[in-house]
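Because only heavy atoms are used, hydrogens play no part in the values below, and waters and symmetry mates are left out as well, while side chains stay in. This one's a predicted model, so the numbers in the text were calculated from it and none came from an experiment. Below, chain A is the first sequence line, B the second, and so on; all start at residue 1.
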There are 2 protein chains.
Amino acid sequence: MSLACSVCPVRDRAACAVLDEAERDELAKAGRTRKLTKGETLFAAGESEAACATLKSGALKITSTDVDGRERILSLVHPSGFVGEMFGPYMRHDVVALGDAELCVFSGPAFADAIEKYPRLGQALLRRTQEDLFASRELLALTGNASAEQRVSGALLSMARAASDSPCHPAMQFDLPLSRGEMADMLGLTIETVSRMLTRFEKDGAIKRNGKRGIELVDPALLPQN
Amino acid sequence: MSLACSVCPVRDRAACAVLDEAERDELAKAGRTRKLTKGETLFAAGESEAACATLKSGALKITSTDVDGRERILSLVHPSGFVGEMFGPYMRHDVVALGDAELCVFSGPAFADAIEKYPRLGQALLRRTQEDLFASRELLALTGNASAEQRVSGALLSMARAASDSPCHPAMQFDLPLSRGEMADMLGLTIETVSRMLTRFEKDGAIKRNGKRGIELVDPALLPQN
DNA sequence: CGGACCCTTGATTCAGATCAACGAATGTGG
DNA sequence: CCACATTCGTTGATCTGAATCAAGGGTCCG
């Protein structure tokens with residue numbers, strides 16, 4: 001299936017938004033649309049084909065698996081986000097869909113060529129990659145010394161921010177994109193501990209749980225600050 | 001002090017190596033040399049002036065400090081490495097010298113202009129930033145679920161790699177760039193635990209300690225794999 | 001209706017934090 | 001050159017927060 005940028009839901013937020021129409025159509029020839037369902041793998045660590053993609057809808061997780069088979073979530077990808085590898089010879093991490101997702105996929109070399117051809121695209125990607133780097137370091141800081149309470153609270157606030165339209169204020173009411181197990185994998189905790197912390201926050205009156213995934217921030221000030 | 005690229009120790013490894021001589025001289029006009037001593041701060045988190053720098057010699061740490069004043073090391077920077085912020089309005093993290101260090105410092109806007117002017121520079125930085133991103137995720141994975149034993153062992157191996165000239169094989173014999181306390185801050189452990197693990201590795205015959213900082217890898221196979 | 005998940009809650013255990021003491025190396029001022 | 005303070009690392013004893021082990025409930029789906 002070829003790309004139809006004109007109806008792309010993230011056409012003016014994604015990296016390719018810096019291109020003009022003609023350039024984008026040219027780039028579109030090198031890409032393909034791909035749809036994933038929950039749990040499907042987009043890239044697997046070690047794959048020798050470099051590739052990359054822009055996320056149009058849904059959410060992805062970037063993970064690594066250690067020797068004893070425990071999975072660690074390294075990052076979440078939201079719509080308009082970019083994943084993958086343009087330069088390296090192989091994929092460093094697994095990329096898996098958290099739910100149904102739609103993407104625009106490119107081969108690594110093809111995208112590297114586009115960067116060469118359209119310097120603005122490279123710049124846009126540089127900004128984006130720096131943002132990802134800061135986000136990764138943010139998670140590192142959160143995960144580092146903080147107590148379980150602080151980690152879960154920090155993850156809640158960060159997801160509330162991601163769920164909001166305006167980047168400044170968090171959504172007061174949203175659905176967790178992750179299961180308990182996935183939250184645990186992201187925070188370096190166990191399912192049970194995550195569950196207990198959510199219970200605690202609800203008892204404290206900081207949040208209200210609506211079903212398994214629904215969260216309402218009743219009094220964010222009561223959440224342990226990091 | 002103006003820059004003297006012709007005698008720069010990292011002139012063909014740093015990001016600016018992709019520029020030709022004339023371009024580099026042009027860029028050099030926007031930069032300044034700066035020398036730091038152990039513990040001196042290059043950038044402080046929250047500073048409203050964006051700036052960036054290439055490290056010519058020595059080593060830096062990128063850190064963040066949480067509410068209770070505990071410091072977390074997010075990344076180490078080695079010669080030819082690049083730190084800082086070209087686009088964002090403020091510095092996200094602290095950058096501090098681990099020992100004496102020499103750098104090439106640019107204002108954020110000046111460097112952003114250079115990227116605009118020399119697309120190759122932007123591309124080089126994109127590669128570099130992606131590498132940093134992978135390194136950060138590597139640390140995240142290491143720090144995530146691993147035991148204290150695995151973390152310290154992983155850090156040793158990673159430092160052995162950084163200390164080696166050839167990137168494929170680790171140095172068998174090197175000096176730790178970090179104090180025990182700094183290793184602890186990087187790994188999310190305490191000084192005491194780091195010290196105990198090193199003692200254990202030495203007892204197991206995996207390493208030999210030479211003074212406070214010296215490490216000899218006697219039998220790396222005995223180090224707990226991650 | 002039965003099975004498969006996913007989540008919650010309670011009891012117990014354990015790895016690493018914390019507390020405490022000490023030794024070695026380095027620096028400082030008399 | 002020595003007395004003294006300071007910093008850094010090691011080692012031991014104790015404590016504790018989160019992991020692990022265990023059980024049960026809710027929901028979805030065939």
Side-chain angles (χ1 to χ4, degrees), chain A residues 37-39 61 66 68-73 98-100 142-156 175-204 207-215 224 226, chain B residues 37-39 61 66 68-73 98-100 142-156 175-204 207-215 224 226:
Chain A
T37 59
K38 184 182 159 103
K61 60 179 176 183
D66 61 26
D68 8 300
R70 293 204 16 118
E71 173 177 299
R72 185 79 215 273
I73 296 185
L98 286 171
D100 291 354
L142 178 65
T143 286
N145 304 311
S147 66
E149 217 178 29
Q150 291 171 316
R151 293 186 205 196
V152 175
S153 142
L156 278 184
D175 275 7
L176 295 171
L178 302 178
S179 70
R180 298 290 181 274
E182 286 165 334
M183 290 182 67
D185 286 341
M186 182 163 96
L187 298 173
L189 300 171
T190 58
I191 294 182
E192 294 94 323
T193 301
V194 172
S195 179
R196 279 186 246 272
M197 294 305 137
L198 291 177
T199 305
R200 182 182 300 178
F201 296 157
E202 189 166 39
K203 272 194 185 120
D204 294 349
I207 66 169
K208 193 169 169 329
R209 283 182 289 187
N210 287 320
K212 292 188 171 181
R213 297 291 187 98
I215 293 287
N226 184 27
Chain B
T37 60
K38 185 183 160 101
K61 59 179 176 181
D66 62 26
D68 5 304
R70 296 215 359 127
E71 173 177 299
R72 185 78 215 273
I73 296 186
L98 287 170
D100 291 354
L142 178 65
T143 286
N145 304 310
S147 66
E149 219 179 26
Q150 292 171 316
R151 293 186 206 193
V152 175
S153 141
L156 278 184
D175 274 9
L176 294 171
L178 302 178
S179 69
R180 298 289 181 273
E182 286 165 335
M183 291 182 67
D185 287 340
M186 182 163 95
L187 298 172
L189 300 172
T190 58
I191 293 182
E192 293 94 324
T193 301
V194 172
S195 177
R196 280 186 245 272
M197 294 305 137
L198 290 177
T199 306
R200 182 182 301 177
F201 296 156
E202 188 166 38
K203 271 193 187 125
D204 294 349
I207 65 169
K208 191 169 170 333
R209 282 182 288 186
N210 288 320
K212 294 187 171 182
R213 297 292 188 98
I215 293 287
N226 186 25

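- For C:dT8, one of the phosphate oxygens OP1 or OP2 lies less than 4.0 angstrom from a side-chain nitrogen or oxygen of A:Arg209.
- Look at B:Arg196 and you won't find any side-chain N or O under 4.0 angstrom from OP1 or OP2 of C:dG16.
- As a whole-Å value, the separation of A:Met197 CE from D:dA19 P is 9 Å.
- Residue A:Arg72 comes nearest to A:Leu187 through the heavy atom pair NH2-C, 3.9 Å, listed as atom of the first residue, atom of the second, then distance.
- Counting to the nearest Å, the P atom of D:dC28 and the CZ atom of A:Arg213 are 13 Å from each other.
- In summary, of the residues considered (B:Glu202, B:Lys203, B:Met197), a side-chain contact (heavy atoms from CB on, under 4.5 Å) with B:Thr199 occurs for B:Lys203 alone.
- Looking at the side chain of B:Arg70, the nearest of the listed nucleotides C:dT8, C:dA17, C:dT18 is C:dT18.
- B:Glu182 has its CD atom 13 Å from the C1' atom of D:dT7, to the nearest Å.
- Separating the NZ atom of B:Lys212 from the C1' atom of C:dA25 is a distance of 5 Å, rounded to the nearest angstrom.
- Between A:Thr190 and D:dA19 there is a side-chain N or O to OP1 or OP2 distance below 4.0 Å.
- Scanning all heavy atoms of the two residues, the minimum distance from A:Leu178 to A:Met186 falls at CD1-SD, 4.1 Å.
- Atom-to-atom, CZ of A:Arg200 to P of C:dG10 comes out at 13 Å; the value is rounded to the nearest Å.
- In this structure, the CZ atom of B:Arg180 is 16 Å from the P atom of C:dA24, given to the nearest Å.
- Across all strands shown, A:Gly211 has no heavy atoms under 4.0 Å from either base or sugar-phosphate atoms.
- The residues A:Lys61 and A:Glu71 are annotated as salt-bridged, a charged nitrogen and a carboxylate oxygen being separated by less than 4.0 angstrom.
- Distance from the side chain of A:Glu192 is smallest to C:dT9 among D:dT10, C:dT9, C:dG16.
- Spacing between atom NZ of A:Lys203 and atom P of C:dT9 amounts to 6 Å, rounded to whole angstrom units.
- Applying the 4.0 Å criterion to OP1 and OP2 of D:dA19, one finds that A:Thr193 has a side-chain N or O inside that range.
- Residue B:Leu189 is classed as a sugar-phosphate contact, given heavy-atom separations below 4.0 Å to backbone atoms only.
- The distance between atom CG of B:Leu187 and atom C1' of C:dA15, rounded to the nearest whole Å, is 16 Å.
- B:Arg200 places no side-chain N or O within 3.5 Å of a backbone atom of B:Ser195 that could act as its donor or acceptor partner.
- OP1 or OP2 of D:dT11 has not a single side-chain nitrogen or oxygen of B:Ser195 nearer than 4.0 Å.
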